[in-house]
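Worksheet: the structure to be examined is printed underneath.
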Number of protein chains: 2
Amino acid sequence: MSEEPGRRRTIRDVAKAAGVSIATASNALNGMGRTNAETRERVRRIADEIGFRPNALARSLLTRRSHSIGIITNDTYGRLTLPMSAGVSEALVDHGVSAFLCATNNDPRLAQLHLEALLDKQVDGIIFTATRLDLTPPVDLTRLPIPVVYAFAIGPETAPTFIPDDAQGARLAVRHLQERGYRRILHITGQEDYLAARLRAEAYRDLAGEQAEVMFGAWSEEWGHEAVRRLISSGRPRPEAIFCGSDEIARGVIDSLRDHGLKVPEDVAVVGFDNWQVVAAQTRPPLTTVDMELKELGRRAGLAMLDLTRGLPVAPGITRLPCSLVTRRSCGLA
Amino acid sequence: MSEEPGRRRTIRDVAKAAGVSIATASNALNGMGRTNAETRERVRRIADEIGFRPNALARSLLTRRSHSIGIITNDTYGRLTLPMSAGVSEALVDHGVSAFLCATNNDPRLAQLHLEALLDKQVDGIIFTATRLDLTPPVDLTRLPIPVVYAFAIGPETAPTFIPDDAQGARLAVRHLQERGYRRILHITGQEDYLAARLRAEAYRDLAGEQAEVMFGAWSEEWGHEAVRRLISSGRPRPEAIFCGSDEIARGVIDSLRDHGLKVPEDVAVVGFDNWQVVAAQTRPPLTTVDMELKELGRRAGLAMLDLTRGLPVAPGITRLPCSLVTRRSCGLA
DNA sequence: ATCGCTTGATAAAAGCTTTTAGCAAAAAAT
DNA sequence: ATTTTTTGCTAAAAGCTTTTATCAAGCGAT
């Protein structure tokens, strides 16, 4: 009864088993053309029985849509990329679209290699993702015959770009502190040449008023220690709260405050940025922090890509997606 | 001169421009059949000039090799998966093979969806990856018509499986401590129902002798604190060194030791496991720890997959890849 | 002059699907 | 009873490449 069990069933097999032509089989399965309801059912039942699944390669060759896209990232570490990729996949998988993940490590040769492989495979589009907003792709993506979407990276003005709303996130943090009565708020953050650092600092300055003070440094725990050390030794009046540019910095700050005999949040409240679980949940006390909603960001980028590949219009330029605040105990929540 | 600039050049275009048949063009480009050296050069030059790149879909349809594989992971967080994926890609990209990344979040429905999409796209193989060794895939991978390789997850005996050599890694850590003169060594690790925890503990017991003592708990910083607290309050003689089952635990241990007025490494030396940069480099003092070489592990899995898709023999069963020790200051290195 | 061999090239098939154009029969309209 | 429309189905083309089988021409050997 069964022939070579290794071979995948093709539409020919379905057609033969149903006693119809290939065209009819195809029509019946796809609901196209004019097909007798009875025939349609029979074909579908048989296709199901013999386990027929259409060969996506053959289909793509004809329809010019491969139902696959490429994600190019400079990240090999994963903290940002994987949640975003998961979001992208989530948006796409229900439409049968899969994503190639290309980790370039920011190496132009590698990036070029990946890009060529993607184009050869006729991907429907490319999503570029980075570990910092103001990073240019290691390979030119502006002259491609397919749409390009930027996620957590700023592309050319004509390309749809999705980034977290850093300013809004910063305001969320500062307002939260202010609403709880903290007045003199300090901002300790990372390198000033990072766009995200500048955006957050600016938003902070707008709300913190006269006493605003920003300490730029590194994106590390160590900088958190160092900043607190400087603060204490400066002899200036102690701030009531500190808004940190990352959870790592916040962790350094909290640890250092404790070392100096200051209690969080009783003496100084602290807010972080990233909601990086392993860090935020393990500080003592656990850290109130801003979540950039990376998975949702990836999902939005995925949906935009979906529209683009269908020829639907997608707004070009930057879309800033709202951050959320995750409250834990470092600002005095019960 | 140029026709519709949007269209990708096909081999027809090459053939026409070179004044030869499609078959000759193909032969010339692939170095097959009998071709005049002169013709071959001309065809190649022209193909280069008009920017011809073969359509991988069409080629795959015929050759039955799609030059793409799927990576199925349960991780949406990335710490383990992304380094491994990067390793896989690295092994494959030079051979024109790309990898679909499917984050299943351990959800069977999602996994099934991803798997079907992969099979429809005729991937040449699948690599299954998990966040813990003893995790079974959320979807049956044993009856697939394509090879399956397991990386950081234990598959059926017939499948090539690559995992870190946890026992060897643990021995590396314990020996390092012993060589530096530390005798009474304690082991604080994660949940006992994790295979990795048991393997490491067993290797530790073999070397630590009479005084071996294992404290199983959670894979968290908090457990590190708790364990030290118990240790101190038990009033037993203090160990000279502590070998921790993860960097997070080590971090908790180090912080807690400091809180109790004990200096690392002067009073107690500490070794971690994972070499998770953000944690290990930021402990005070920086942490000596075992690196599982995840990228290399991914690379090996990728190479195995490459061989399998070429029909070359690949040893089935478990291959344990060596861990390395990264020495920092928590064991008294200058 | 005929035969056999080598060389260089080509037509056509195959891989699997979707879609267009068209055909025959049944149904409806004149 | 004849013409038109509708219905249900099919042959064939198209998408792009690789490969098999074939062909024509050139050349040395008989």
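None of these values were measured; they are calculated from a predicted model. Per chain, numbering begins at 1; letters A, B, ... match sequence-line order.
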- Task: Sequence neighbours left out, what passes side chain to side chain donor-acceptor pair (under 3.5 Å) with A:Asp124? Give chain and number order.
- Result: A:Ser66
- Note on the structure: Residue pairs meeting salt bridge (Lys or Arg N to Asp or Glu O under 4.0 Å), one or both in residues 36-47 of chain A, sequence neighbours left out, come to A:Arg45-A:Glu49
- Take B:Ile69 and B:Val88 through the test side chain to side chain contact (heavy atoms under 4.5 Å, CB included) and record every step on the way to the result. CA-CA 10 Å; B:Ile69 68 154; B:Val88 172; 4.0 Å; yes
- Mutual orientation of the aromatic rings belonging to B:Phe100 and A:Phe100 [parallel < 30°, tilted 30-60°, perpendicular > 60°]: parallel
- Task: Go through the structure and list residues passing side chain to side chain donor-acceptor pair (under 3.5 Å) with A:Arg132, not counting sequence neighbours.
- Result: A:Asp134
- Query: Through what angle, rounded to 10 degrees, does the axis of the helix from C:dA1-D:dT30 to C:dT30-D:dA1 turn between its ends, using five pairs per end?
  - Reply: 70°
- Item | Nearest heavy-atom neighbours spanning B:Ser60 and B:Arg65 | OG-O, 3.1 Å
- Provide, to the nearest angstrom, the distance between the NZ atom belonging to B:Lys16 and the P atom belonging to C:dT10. 15 Å
- Task: Locate the shortest heavy-atom distance separating B:Thr142 from B:Pro156; write the atom from each residue and the value.
- Result: CG2-CG, 4.3 Å
- Message: With the threshold set at under 4.0 Å for non-hydrogen atoms, list the residues of residues 113-124 of chain A touching DNA chain C in residue-number order.
- Response: none
- Query: In B/S/- notation, 5' to 3', how is nucleotides 13-25 of chain D contacted by protein heavy atoms closer than 4.0 Å?
  - Reply: -BBBBBB------
- Query: Pairs in or reaching into residues 142-154 of chain A: which pass salt bridge (Lys or Arg N to Asp or Glu O under 4.0 Å), with residues at least two apart or in two chains?
  - Reply: A:Asp140-A:Arg143
- Message: Quick check on contacts: within residues 37-45 of chain A, what sits under 4.0 Å from DNA chain C by heavy-atom distance?
- Response: none
- Which pairs pass salt bridge (Lys or Arg N to Asp or Glu O under 4.0 Å) with one or both residues in residues 78-102 of chain B, sequence neighbours excluded? A:Arg109-B:Asp94, B:Arg79-B:Glu248, B:Arg79-B:Asp274, B:Glu90-B:Lys295
Side-chain donor-acceptor distances from residues 52-59 of chain A under 3.5 Å, at least two apart:
residue : atom : partner  : partner atom : Å
A:Arg53 : NH1  : B:Asp120 : OD1          : 3.2
A:Arg53 : NH1  : B:Asp120 : OD2          : 2.7
A:Asn55 : OD1  : A:Leu57  : N            : 2.7
A:Asn55 : OD1  : A:Ala58  : N            : 3.3

- With B:Thr73 via side chain to side chain donor-acceptor pair (under 3.5 Å) - residues at least two apart: B:Thr81
- Task: Scan residues 95-106 of chain B for pairs that pass side-chain hydrogen bond (donor to acceptor under 3.5 Å, both in side chains), counting only residues two or more places apart or in two chains.
- Result: A:Lys121-B:Ser98, B:His95-B:Arg310
